[in-house]
Amino acid sequence: MHQEKKITREDTWKADDLRKHIRGGGREEDHGRRREEYERQHRGGDSLERRPRDPEREARRERDKQREKESTQERKNREKDRHLDRRKERSNDRIGDREEREKERKREKDKVVDGSKYQDGGRESSDKIHHRGEKENRDREKERAQESEKDKDRTKDRERYKQRDREKGAEERDRERRREEREKRREDEQSIERKDRDRRQESDRRDGHKDREHLKESEYHDKRKDRERRERHSDRERTVQKEDKEYREHRRKEKEERERRHRETAPPDVAESRRRDGDSREVARRDHKSSEDRHRADGEGAERDRRRERRRREEVDPKREITERSKDKRSHQDPKEKRENVETKEVLGQSESVWRSSQKELSDTEEPVEKQDPQTESQPDHDGDAQDYEEDFEDYEEDFEDGSESGGEEEEKQTHSQEEEREEREEREELNPQRREQIEAIQRAMKEENERVGSVQTRLSPEEEEERPSKTGGSETLPQQGKFIDFVAAKHREVNKKVACQQKKRSAELLRLIDLDYSITFSLLDLPPVNEYDMYIKSFGTTNTKQAYVQCNEDNTDRGIQTEELENSEKWTQHPAEWNAVCGGPTLSQEDSQSTTKMNVDSQRLATFLRSASQVVAVLLEEDRAERQSLKKLRSQADTLQSFSDGCLQLNTRLPFLHGRPISLVHFSQVQTQTVLSVHSPIQKPSAVRLDSKTIICIWNIWEPSRPQKILVYESEVRSCCFSPGKATLVFAGTSVGSVVLWDLREHAGDHHTLRIGDIDWTLRQPTFSTDAVLAASGHMSSVSSVEVVPAAVSQGGGPELPLLGSDEESSGLSFQLASLDENGVLNLWVVLELPKTNEAGLRPGGKVKLLHSSTLLTSERKSARDAIKTSPPQALLVKFLPSDPSHFFIGTNMGVVNHGTSHGLQAPPKFYRPKMVGARPVDVTSIDFSPFEETFFLVGCGDGSVRLHTVASEQPVLEWTGNTAGDPVVSVQWAQTRAAVFCVLDATSNLHIWDLLETDFEPVVTEKTDADRVTAMAAFGDSSKQNTFSGIALARQSGKIEMQYFSKRFTVPDSADLGKLQSLKEEVFLD
Amino acid sequence: MEGSHTAGNTYLIRPNYQHKFKPAVVKECIRDILKEQLSGVDYDPEEVPLTSRNLADRIKDKLKKMGFDRYKLVVQVVIGEQRGEGVKMAARCFWDADTDNCAQDIFMNDSLFCVAAAFGSYYY
């Protein structure tokens, strides 16, 4: 029959049907009705008086009564109860379904296993019967303990089943119980969780810590269940006797426990008590949910019955189903009955269990499988780790949920492998939306109820809780909460677990790939503490404070130095000076201009200084050179010639243009005794140089004998020549053509024509001024025989000559008179003028000095004219002026007498100076020379070879020497410049006689003859005032040589007796 | 379960380069926000908890927009009063240094200092 039933179920309960079933409105109505019924029943359970006989009407009536009787509080209480009941009922319904389905599954399995067992049933050993029996007993005992009255419904049902199906009834029941047991445990868990959740929903009203404890409990349950399972397992294998004893003991314990439980109503206490020992805990836990279990069992029973019946009669009559159901429910109504039924059931169960156990005993080995089957497939190893166990449990739960939710459809498949189960899960998930609808609807209702209940409970609880335990013999309030099953939470949990599992696996895989480490410590902030000073400055630093800088270490101070800017000024300088400025600039200060003028003055003086100094230096250099080289040679040569001289110096006349010219005249400057001029006559035969027809005058410095200082050129023959007084800056010459010319030696060389002869440039100076053209009328009509400078210092009487001559050259230099005498005896006096400008006729360009005609004197007297007829016409040959009185002039004539005349004033006696021999005879006076020491004495040389010494005052000569020259005419007579008593006489045969009056006054002391080269001119030199040793005579040779013969010491050293001798001679004349 | 089996080889254990957590960029972002929100603000013990929370949210939101794909972001903001005391803050992270990183920036004015640190942890 069971098989039949199963088959029909398989046939009838398709997925569609199930859905319909779940959705079906009629069913819902049924449910609702049923709920109402339940309420009433339970209310009845609470108080027998109120329990209605006729469900609906009676309940209403009763309620009315109650309202009358009881207070509003009670009513609320009732309502609350109702809610609770309703909730219980709902959960029971579901659980019932689940249980049923599970049972079916079990049955199927059993069928497979037991199919064979039935045949060998008789062979079962008594042990196993006992074993089973014991188990049954235990189960029943538990049931009794937990469910007490309401189990009786089940037993009734079972009895009914038994009646229907006697063979399998006991077995079924047995299985059912076992299953129920397990379910209970599992559902305990679930229910606790659900409760928790429910409570959380109502958390406003309830204490949180209870929830927490419940949670803990649920955890404990998981583990404990395992333990229990193991215990049970082992228990079953024990001997019957033992188990009997144990059973008894167990019973006793359980009774005790029950009593204790009644005492310990509060959940925390329960939890504590549970911990005392395993059994008691287990029981307590069960007991804790006893009410729930009871209800569930109640529902279970009802559901089961209802379903079975429905399954059987579904197709036949739906209405009947309802009536049956109500009947079933009614059967719950009497607890006392139920209790009795339980006892009877126990008896029956034992008998049944014998049969069943015998069945099971047949396949002793299969027992674990059987057990495992409902529990879990993966539970063979009892000692497996807790985790596995839990996971298995999850699976198991899922199974249950599957069973309960998808209904009969899955029952068939329960026997299949786990893989199929997974598919089923998927299918189930497809159903989710529908399920959710359901669940939501249920939840909504639950919430409403909960709220209501919660509100009522809080108010009623003290009264109610006192009443209830006494009435029901069990705690009502607490178990009520556990009845709610929250599917959402379960679902969540399931999903969470799944996800957790996935993540775990994922993490396990990933952790192999990833390297986690404590990398560097990141310093997020490092704020150093601010020191006090900074803090102070920060808060007060800006107010009324001032920071001062103090430097302690002096060395470290920095100093900046700003230099003043440089002052610049532009200046120029010019040399030689121009317009009296040597230097200047745009910003000249007064000081500068002053210095400029100073400089100007200085420069002028410097120029003069340099001019003179350069000459000195040049002379010194020349001297030096001459000393070393040529001088010695010349001297040695001269030594051989001249007995009277210490040595001689030869001027270098071997110049190309002087070659072959005879020297007509040698003349020394009066003041500059070192300066000498030589007149070189023109030569007839042509030479290389084109100066043949010209006279050349060379100006020499005896200290610079290598070359002449200046070279003067004139077109015709020069008969006489002289220097200017004082400084030898001017040269005057009287020419054969009757003109007087002068040369200014100061003229620059660049103004004159230069002639290059060989490698040397020679500057040939033309005369600066000539009287030829300008003064022709007042000039000389015949050749000028002599030119003489009139001494400037016109002293009165015998004034000092020497200061006059040696006077300031600057002033007197250029203000003097010049006298020129021609052969006709015409004496012209000229004034020498220096002009600032040079544009006069007769003056060469650039020349500044000219002659002005002053006066003309005719010296040839008329009275002597008759004398002249007798003899040759008188000729004036030379003129001399008395140095002390320039108005007196002395003219040598060709008559052998010297005429004396004055330029102005009275005629002074004597008129003429004549020789001792009376009678005039034609003898030329060739030379007159005044003594440099005693001006009144003068020597006269004549053409007959006689030499006379005259004084100015007497007509007769002091002394007269006639035969010394052997009739040769005297060429020149010269006093020695350093000794007053010594004079030289040169005759035409080149004999040189030197007289020393101090030694002898009748013959010369030395007569020197020169035969090889005839001496043509002679001049004495030396400084009388300075008495230097360089005094001597210059001798001009015919060949053109000029020799400077230095007197030996005896002719040069002054002797004080010289002047005495002269004085004695004068006195002799006057005495005569 | 099946999903993880098939996806076994497709783990992205390194972020795409352009989605990588770049501390420099993040730091700039933090700096901007801190500057914008805190400039001229004085420390007020009443306000600061709210301010710091707001800042953290703002930073987080901004960072989320920057496209650090698959990154879990943690933003921590600490605001303290400047009273001259020394403060030290450090963070230590147990993570994968290749992918994860943190950026931090400090804002200070006369009355307060603010440290904002953002940690990015790659979600494999």
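We find the CD1-CZ distance between A:Ile439 and A:Phe487 to be 6.5 Å, quoted to the nearest 0.5 Å. With rounding to the nearest 0.5 Å, the separation of CD1 in B:Ile30 from CD in B:Glu28 is 10.0 Å.
Annotation: residues 107-117 of chain B contacts chain A through B:Met108, B:Asp110, B:Phe113, B:Val115, B:Ala117 [non-hydrogen atoms, separation under 4.5 Å]. The contact list for residues 46-84 of chain B toward chain A, using heavy atoms and a distance under 4.5 Å, reads B:Arg70, B:Gln76, B:Gln82, B:Arg83, B:Gly84 by residue number.
Considering only heavy atoms from C-beta on, B:Pro15 comes within 4.5 Å of B:Lys20 through its side chain. Taking 4.5 Å as the limit, some side-chain heavy atom of A:Leu516 sits within range of a side-chain heavy atom of A:Leu511. Contact annotation: the side chain of A:Phe522 approaches that of B:Cys93 to within less than 4.5 Å [non-hydrogen atoms, C-beta and beyond]. For the pair B:Phe119/B:Trp95, a side-chain contact is recorded, criterion being any heavy-atom separation below 4.5 Å from C-beta on. With contacts defined as side-chain heavy-atom distances shorter than 4.5 Å, the pair B:Lys88/A:Leu527 does not qualify.
Here the side chain of B:Lys27 pairs a donor or acceptor atom with the backbone of B:Gln104 at under 3.5 angstrom. Formation of a donor-acceptor pair under 3.5 Å by the B:Asp100 side chain with backbone atoms of B:Asp96 is found in this model.
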